[in-house]
Amino acid sequence: MSAEPPPVSAPAAAPGPWRGVLTRFRRHRLAAAALVALVLVGSFAFVGPLLWRYGHDEITPDNSQPPSAAHPLGTDSLGHDLLAQVMRGTQQSLLIALTVAFGAAVVGTVIGIVAGYYRGRTDALLMRLVDLFLTVPTIAVAAVLGHNFAGSGGGWVLIAAVLAALMWTSVARVVRGVVLGLREREFISAARALGSSDLRIMLRHILPNVAAPIIVSVTILVATAILAETALSFIGFGVQPPDTSLGLLVANAQSAVATRPWLFYFPGLVILLIALSINFIGDGLRDALDPTQTKGPRRRRYLARPAERTDAVPDDVLLSVRDLRVVFAADSGDVSAVRHLDLELRRGEVVGLVGESGSGKSVSAAALMGLLPPTATVSGSIHFAGQELVGLAEPHFRRLRGSRIAMVFQDPMSSLSPVHTIGDQVAEAVRVHQGCSRAAARARAVELLDTVGIPDARNRLGDYPHQFSGGMRQRVVIAMAIANDPDLIIADEPTTALDVTVQAQVLAALRAVRERTGAAILMITHDLGIVAEIADRVAVMYAGRLVEVGTAADVFDNPSMPYTQGLLDSVPRLDRPADEELWAIPGSPPSMTALPAGCAFAPRCGIRTPDCSAAVPDLVPVTAGHLAACLRLTPLGDARPETATTSSIPERP
Amino acid sequence: MEIVGFALRRLLVAIPVLFVSTFLIFLAVAKSGDPLAELRERQPPVPPHTIAAEEARLGLDQPVLQRYWDWLTGVVQGDLGPSVDRNADIGMEIGSRLGITMRFVLIAMLIAAVLAILVGVVSAVRQYSWLDYLFTSTGFLFLAMPSFWLAVLLKQGGIELNTLAGSTLIYTVGDSSVIPPPTLGGRIADLAGHLVLPTITLVLINFAAWSRFQRSSMLDVLGSDYVKLATAKGLRRRTVLRKYALRTALTPLVTVIALDFTAVFAGAVVTETVFQWRGMGDYLLESINGRDVNAVMAWLLVAAVAVVLFNLLADILYAALDPRIRRVR
């Protein structure tokens, strides 16, 4: 017997925050193309003038010429070569915009970090400063100041300084918002507790974490600055002649759009091209820096293929799921979230559906409710109260939802609409299926809220969810679930988001509801304690498959799949010595995009055999009504006792 | 009741902000040059006592702090101070020009907001459909479009349309006809006709950003648990979208639009110069060029007050739309 528990594998080294950014950016084809375009425009503006035969202020004898070989973009009425002028104008505009973005980034970051880090008065004061800059149109103040500097002969640097001084506020607001959130995080508290100076915390811990939003907002700012500078030059308070800018070129051309259109279109299109490229780059950066925000896959029609059922479903079976599969279309290929699920619920029965996150529990629940996103493909059969749900048309499904099958979600803080009253939301659940009067629905709402134990329900109908505690909100959700005496309540981790003491109350409410309405409950959870408390039967899921199912007593007393055993052993127990190390299943659940061959649990299993990776084991009976999917239980496994049972299920230390 | 107190508190906070910003801008404008430069250099020379009298009238002989104090006390009593132009009354001038500018700014904001909501909501509800792609690319195009360039383009389009038709189908210059039509109905039609192109310009450059914002806020809400729960209750998708999704997804846009008022106003300044309206934009440029401190100050003060009022309106709307905000602060 190995005395050492397999070591809990250290979490895979967190990938560096910047690794993958480049890859993801490159995958964003529009952004990559935009970057190429911007580099081309940049070299056109900064290298072009060195190579081109005309200077931007050079007067050639050809005036008012349309585009030709000598003057690819034509000339203006004084004989300036437009290509040379556009190159110079682009150069000035880009210089100004980049300087503005840089200046605004520095000022905005410093002020944002300081405001978010110190909060309180410092924050209030700095935010008033931001308000101050937001009270007047930037372009008006820039015009006033630009006019000041125009007299003193200031060049692009001064214009850039003025615009930067007016534009840092957007960066500061973004940074402050992020820092306010960061400050509450453990690693900041830890650094403070270790006695790091504020400056050090801000530089070492906060700055790297706000880098991503800063980069995105500053990129967008470059485009804003280009548009502001060109507009300023257009109305005559930006770049001054004899120098030129794209805005100035458009201004000079506006009276001659019809006669010399090239003077108007070329500079304008360059501005458009630059701003467009920058916006696309910003979009690409946002997606690349924040992978959770990446674009979803292309829409696919919601597909459902009901399987032919030959077996008769007995009358007392409320829900019979056969070979349910759910496949999601994703950019990286199809992901099977649920692979071959068989499950049965009898009327009034409470079944605990157990598994780690990502095991397919919640997706299965969504399939039962017909609430899968359009990227999902469902096949198999869900037989519910005499009706096939796979492929059921939406109007029919809608009539089942909330009336025959109801659902309780995980987080009561977010599952109630914040802008509608409790009474409205509960009464609506009644009215949508019963079509009774408003007054009757409200009376029923009071009754329902009483049932789930909300004190003084009548007077709380007009309250909003934010006036309720988490546990109370979950009771409200449960009240909505039982509004139409459903046959089945699906509770998806209903207590996970709650405090332990509140958990017990919510479970008690659910139990009371079950007794009163006789509804069957499918309790989805990863908490075996809850299952032990409420469930008649237990179903264990791993990597999208059912791996063990049986009565609560069977499964808890005689876990027959190593994964179930691992789950049971990882529950802290009062009847074990306190200094005993808690068992944890080694490794982590497999990625649904790269499932191991054969039994998906094999790589983490202490008693695996080479055969485990050969074929997916079927559910086989352990005792009557108790099934488990493990090779050791199949005849093949029995045939090879030497390899398979070098250790029988190892006893945990 | 709660909202009134809330609004009053917000107004009180705005006062010191206005005070500081006017002071800074006063300094900047006062230092921007001599408004009498042209008078001093006039040929034949203007007699020194005339110049001295002008200096005294405009307060140029006072130290700048004193001038700000005089201006501030004047403003509090409703006197915007003397203009460099002896014959102009700043209050009257601003009043008429503000009416002209706000006419198309408000209409444009309203149209742009409605358009942004429609486009944003449709894009979000039909995410990744051809309609969404169309709206998204149009949005990106107008986000990158320089306002003045678009204005000149539309103006040119109008001119060419008129040339083709051989008569004035669409007005391209000014805020009203030089000789106004005699009847009231005619005058209103004339004003409306002149509004068309500048309003389109302003709508196009502003609705793009707002519709992008509306799209993402709608998408956030569509993915929220309470929308899922509303669906799980058995509500029709239309009811879920209208009652649960749209209702909450509109609230953030209200703030964005109100905060963007300065940007719309700035866009209006540029648009006016292209269509040669005698509105606020034109007055600002004129006053800056004439170094007319009091006129510039009055302009900025009006703009700042408008911004504060818009922010206040946003706060009130927000509080009215979102019950969670009413209790805070």
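Below, chain A is the first sequence line, B the second, and so on; all start at residue 1.
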Selection from B:Leu300, B:Thr273, B:Thr231 maximising heavy-atom pairs under 4.5 Å formed with chain A = B:Thr231

Sub-3.5 Å donor-acceptor pair from the side chain of B:Glu160 to the main-chain atoms of B:Gly157, do we have one?
-> no

Given A:Val408 and A:Asp492, is the side chain to side chain contact (heavy atoms under 4.5 Å, CB included) satisfied, shown in steps?
-> CA-CA 6 Å; A:Val408 176; A:Asp492 189 356; over 6 Å; no

Distance col, row A:Leu416:CG vs A:Phe409:CZ, nearest 0.5 angstrom, shows 11.0 Å

Taking it one step at a time, do A:Glu394 and B:Arg237 satisfy side chain to side chain contact (heavy atoms under 4.5 Å, CB included)?
-> CA-CA 10 Å; A:Glu394 174 60 22; B:Arg237 182 159 165 80; 5.8 Å; no

Between A:Gln254 and A:Phe234, does a side chain to side chain contact (heavy atoms under 4.5 Å, CB included) hold up when you go through it step by step?
-> CA-CA 10 Å; A:Gln254 62 170 318; A:Phe234 178 83; 3.6 Å; yes

B:Phe265 versus chain A, heavy atoms under 4.5 Å apart: side chain, backbone, both or neither?
-> side chain

May I have the step-by-step check of side chain to side chain contact (heavy atoms under 4.5 Å, CB included) for B:Asp132 and B:Arg215, ending in yes or no?
-> CA-CA 9 Å; B:Asp132 181 27; B:Arg215 177 180 183 270; 3.0 Å; yes

Considering only heavy atoms and a distance below 4.5 Å, find which of B:Phe310, B:Trp299, B:Phe261 pairs most often with chain A.
-> B:Trp299

Report the option among A:Ala483, A:Ala231, A:Pro267 that has the most heavy-atom pairs separated by less than 4.5 Å from atoms of chain B.
-> A:Ala231

Name the region of B:Leu24, side chain, backbone, both or neither, that has any atom closer than 4.5 Å to a heavy atom of chain A.
-> side chain

Identify which part of A:Ala406 has an atom lying under 4.5 Å from any heavy atom of chain B, answering side chain, backbone, both or neither.
-> neither

Give, as side chain, backbone, both or neither, the part of A:Leu269 having an atom under 4.5 angstrom from any heavy atom of chain B.
-> both

Taking 4.0 angstrom as the limit, do B:Arg97 and B:Glu272 come out as a salt bridge?
-> no

Can you find a pair of side-chain heavy atoms, one from B:Lys243 and one from B:Leu235, that are under 4.5 Å apart?
-> no

Part of B:Lys155 lying under 4.5 Å from any heavy atom of chain A = neither

For chain B, find which of A:Pro418, A:Gly236, A:Ala429 contributes the most heavy-atom pairs closer than 4.5 angstrom.
-> A:Pro418

Pick from B:Val227, B:Thr251, B:Asn289: which one has the most heavy-atom pairs with chain A under 4.5 Å?
-> B:Asn289

Measuring heavy-atom distances to chain A, does B:Ala263 have an atom under 4.5 Å in its side chain, in its backbone, in both, or in neither?
-> neither

Check each atom of B:Leu284 against the heavy atoms of chain A and say whether the ones under 4.5 Å are side chain, backbone, both or neither.
-> side chain

Among A:Gly402, A:Ala481, A:Ser414, which residue forms the greatest number of heavy-atom pairs with chain B at distances under 4.5 Å?
-> A:Ser414

For A:Ala223, is it the side chain, the backbone, both or neither that has a heavy atom under 4.5 Å from a heavy atom of chain B?
-> neither

Region of A:Met369 that comes under 4.5 Å of a non-hydrogen atom in chain B | side chain

Judged by modelled atom types alone, do B:Tyr226 and B:Thr248 share a side-chain donor-acceptor pair under 3.5 Å?
-> yes

At a heavy-atom separation under 4.5 Å, does A:Val432 approach chain B through its side chain, its backbone, both, or neither?
-> side chain

Go through the atoms of A:Gln425 and report whether side chain, backbone, both or neither lie under 4.5 Å from a heavy atom of chain B.
-> both

Hey, which of A:Ala275, A:Pro486, A:Gly268, A:Ala140 has the most heavy atom pairs under 4.5 Å with chain B?
-> A:Gly268

CZ-CG distance between A:Phe468 and A:Asp463, expressed to the nearest 0.5 angstrom | 5.0 Å

Considering only heavy atoms, which portion of B:Leu141 lies under 4.5 Å from any heavy atom of chain A: side chain, backbone, both, or neither?
-> both

Sort out for me which of B:Val269, B:Thr239, B:Leu285 touches chain A most, counting heavy-atom pairs under 4.5 Å.
-> B:Leu285

Could you tell me which portion of B:Val296 (side chain, backbone, both or neither) has an atom closer than 4.5 angstrom to a non-hydrogen atom of chain A?
-> side chain

